[in-house]
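Here the structure comes first, spelled out in structure tokens, and everything after it is commentary.
Quick note on labels: first sequence line is chain A, next is B, and so on, each numbered from 1. Because only heavy atoms are used, hydrogens play no part in the values below, and waters and symmetry mates are left out as well, while side chains stay in. Note that the coordinates shown come from a computational prediction; the quantities given were computed from them, not determined experimentally.
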There are 2 protein chains.
Amino acid sequence: MSDPTQFSDTLSRSEFLAGISKHEHTNILGRGKRIKLNKGKILFREGDPAIRIYIVLKGRLKLYKLHEQGKEAIIRYINCDELTAAIAVFKNKAYPVTAETVGEVEVIGWDKATMHKLMLEYAPIAINMLNAAISRIDDLQTRYLELCTEQVEQRVGRSLLRIMKQSGRKTKDGILIDFKLSRQDLADYTGTTLFTVSRILSNWEKTGWIKSGRERITITDPHALVSFSELG
Amino acid sequence: MSDPTQFSDTLSRSEFLAGISKHEHTNILGRGKRIKLNKGKILFREGDPAIRIYIVLKGRLKLYKLHEQGKEAIIRYINCDELTAAIAVFKNKAYPVTAETVGEVEVIGWDKATMHKLMLEYAPIAINMLNAAISRIDDLQTRYLELCTEQVEQRVGRSLLRIMKQSGRKTKDGILIDFKLSRQDLADYTGTTLFTVSRILSNWEKTGWIKSGRERITITDPHALVSFSELG
DNA sequence: CGACGCATTGACAGGGCTCAATTTAAGTGG
DNA sequence: CCACTTAAATTGAGCCCTGTCAATGCGTCG
């Protein structure tokens with residue numbers, strides 16, 4: 001049972017450049033294109049063939065997948081200093097996911113040809129990205145299993161904890177998810193409806209595990225939430 | 001809407017070695033260890049720190065994840081000529097999944113150190129594996145979305161089609177899934193119960209979309225199944 | 001041929017989705 | 001600063017899908 005107050009990330013900028021000497025870093029980053037985006041802008045969407053790899057310099061991205069009937073599933077949030085890819089590196093197949101900004105965002109992006117050259121030139125880049133990809137696979141597999149086997153309340157618990165670990169900030173009241181996260185968002189992330197999420201959060205507020213307001217959640221008792229979510 | 005009779009794979013041996021000159025292939029493959037396994041053997045399991053990367057030379061692997069309460073979710077099947085990884089390449093974190101053989105299996109495996117050296121020496125290897133990893137992410141995200149948004153019957157349809165594309169074989173009656181696939185397996189793959197799967201398959205048998213026996217399924221009308229699964 | 005394991009079918013119940021009606025909170029402009 | 005608008009959140013009622021459990025049937029393999 002991991003300590004829920006320890007935050008962990010996936011691939012940060014430094015991990016992306018691991019194994020490469022310092023004075024090459026500016027070269028690699030310099031070959032990318034700097035892009036500024038304002039609130040609610042789509043960085044790339046399903047089937048977009050343009051630029052491929054992004055590092056978030058400032059702000060946060062929401063990665064989601066749209067279903068035919070308008071429903072969506074949130075894949076994950078990409079935080080500042082993390083990396084995400086728009087498309088398969090080699091194949092001409094779109095990476096079928098949409099990235100939307102949460103607040104103001106600044107990124108560096110490399111197109112396919114540039115990134116491919118960079119990876120051939122600096123093998124560690126490909127290796128580091130492979131590691132990041134494997135982490136994502138791990139994350140998805142875990143969530144897939146949860147979705148298959150657990151009841152909604154438990155899944156909401158795990159989801160909230162996962163988001164907390166990735167994007168939480170300590171405050172005097174507990175750990176605050178410091179960006180707009182609506183009941184609907186949490187439902188899309190967990191695979192349920194906003195009504196069910198609302199009911200569950202209401203209960204947890206009564207038992208004192210969380211404090212919540214409009215699009216704001218603070219986990220006041222992470223340990224209680226962890227033991228509930230892991231024991232079921 | 002893709003043609004369901006076209007089979008597609010993820011990373012085959014030749015894709016793994018793409019971008020590397022022919023006479024290097026034997027060197028790369030030769031640095032791995034050849035392993036024979038008989039039926040039902042576990043190749044690696046959650047937390048196993050030993051060898052990392054495998055190519056299946058013969059037979060088929062079942063990749064699954066176990067849940068605390070004994071339930072399991074099947075991640076995917078690894079066919080002959082395909083590749084799978086036991087662990088993150090760089091980090092000392094286990095790739096938390098268990099691989100079990102389906103029938104007689106032969107693989108080539110590389111341990112962490114060897115594979116890491118190979119990837120530094122031959123950048124295309126890392127790039128190719130990155131592509132494979134991205135395909136898996138894509139697959140998992142798609143299934144995650146389906147699990148979030150679709151009803152069971154539709155999901156069973158998609159799952160069956162997915163397995164068919166990966167492991168189907170044309171026969172005179174239709175497309176046969178040519179390995180033992182029980183109702184329980186399909187349920188674990190789809191995230192439901194064997195009872196529900198059984199009921200659904202019975203219905204489809206009545207409408208003439210499939211023919212099924214004990215651990216054997218033949219899709220007799222793939223197009224009908226596709227339009228059902230995609231329209232919902 | 002017998003036994004074990006897989007599959008089928010039925011009955012039942014409940015978790016969670018749907019939909020509708022309110023309430024609350026945030027933002028906006030005068 | 002307050003009234004007004006708009007979007008998020010809450011809550012309740014009803015019901016359906018699908019999981020659970022039990023009994024039975026059937027195919028396969030030793």
_Please determine whether a side-chain nitrogen or oxygen atom of B/S202 lies at a distance below 4.0 Å from atom OP1 or OP2 of C/dT9._
yes

_Nucleotide D/dC17, atom P - distance to CG of B/N203 in whole Å_ = 13 Å

*Without hydrogens or angle criteria, can the side chains of B/T84 and B/R76 be said to hold a donor-acceptor pair below 3.5 Å?*
no

_What's the separation between atom CD1 in A/I75 and atom CG in A/L61, rounded to the nearest 0.5 Å?_
14.0 Å

Hey, what are the protein-to-nucleotides 5-7 of chain D N/O distances that come in under 3.5 Å?
unit_1, atom_1, unit_2, atom_2, d
D/dA7, N3, A/R214, NH2, 3.3

*Would you check if there is a donor-acceptor pair between the side chains of A/S135 and A/D138 at a distance under 3.5 Å?*
no

_A/I217 CD1 - D/dA8 C1' separation (whole Å)_ = 12 Å

*Where along residues 178-188 of chain A does a heavy atom come under 4.0 Å from DNA chain D, residue by residue in number order?*
A/S182, A/R183

Give me the distances for all protein-to-nucleotides 13-17 of chain C N/O pairs that come in under 3.5 Å?
unit_1, atom_1, unit_2, atom_2, d
C/dG16, OP1, A/V152, N, 2.9
C/dC17, OP1, A/T192, OG1, 3.1
C/dC17, OP2, A/T192, OG1, 2.8
C/dC17, OP2, A/T193, OG1, 3.2
C/dC17, OP2, A/T196, OG1, 2.5

*What distance do A/S159 atom OG and A/L186 atom CG have between them, rounded to the nearest 0.5 Å?*
6.0 Å

*Select from B/S198 and A/R216 the residue whose nearest nucleotide in DNA chain C is closer to the 5' end of that strand.*
B/S198

*Taking all heavy atoms of A/L181 and all of A/I177, pick out the closest pair and write down the distance.*
CD2-CG2, 4.3 Å

*Parallel, tilted or perpendicular: which fits the ring planes of A/F44 and A/Y54, with parallel below 30° and perpendicular above 60°?*
parallel

*asked:* Whole angstroms only, please: what is the CD1-P distance between B/I200 and D/dT18?
replied: 7 Å

*Going from CG on B/D178 to NZ on B/K170, what distance comes out if it is rounded to the nearest 0.5 angstrom?*
14.0 Å

*Atom CG in A/D139, atom CG in B/L140: separation rounded to 0.5 Å?*
10.0 Å

*Grab the CG-P distance between B/L194 and D/dG25 for me, whole Å please.*
18 Å

*Please report the shortest heavy-atom distance between A/P222 and A/I175, naming the atom on each side.*
CG-CD1, 4.0 Å

*C/dA7 C1' sits how many Å from B/K211 NZ, rounded?*
18 Å

*Give, for atom OG1 of B/T142 and atom NE2 of A/H67, the distance between the pair rounded to the nearest 0.5 Å.*
10.0 Å

*Looking at B/E215 and B/K180, does any basic side-chain N land under 4.0 Å from a carboxylate oxygen?*
yes

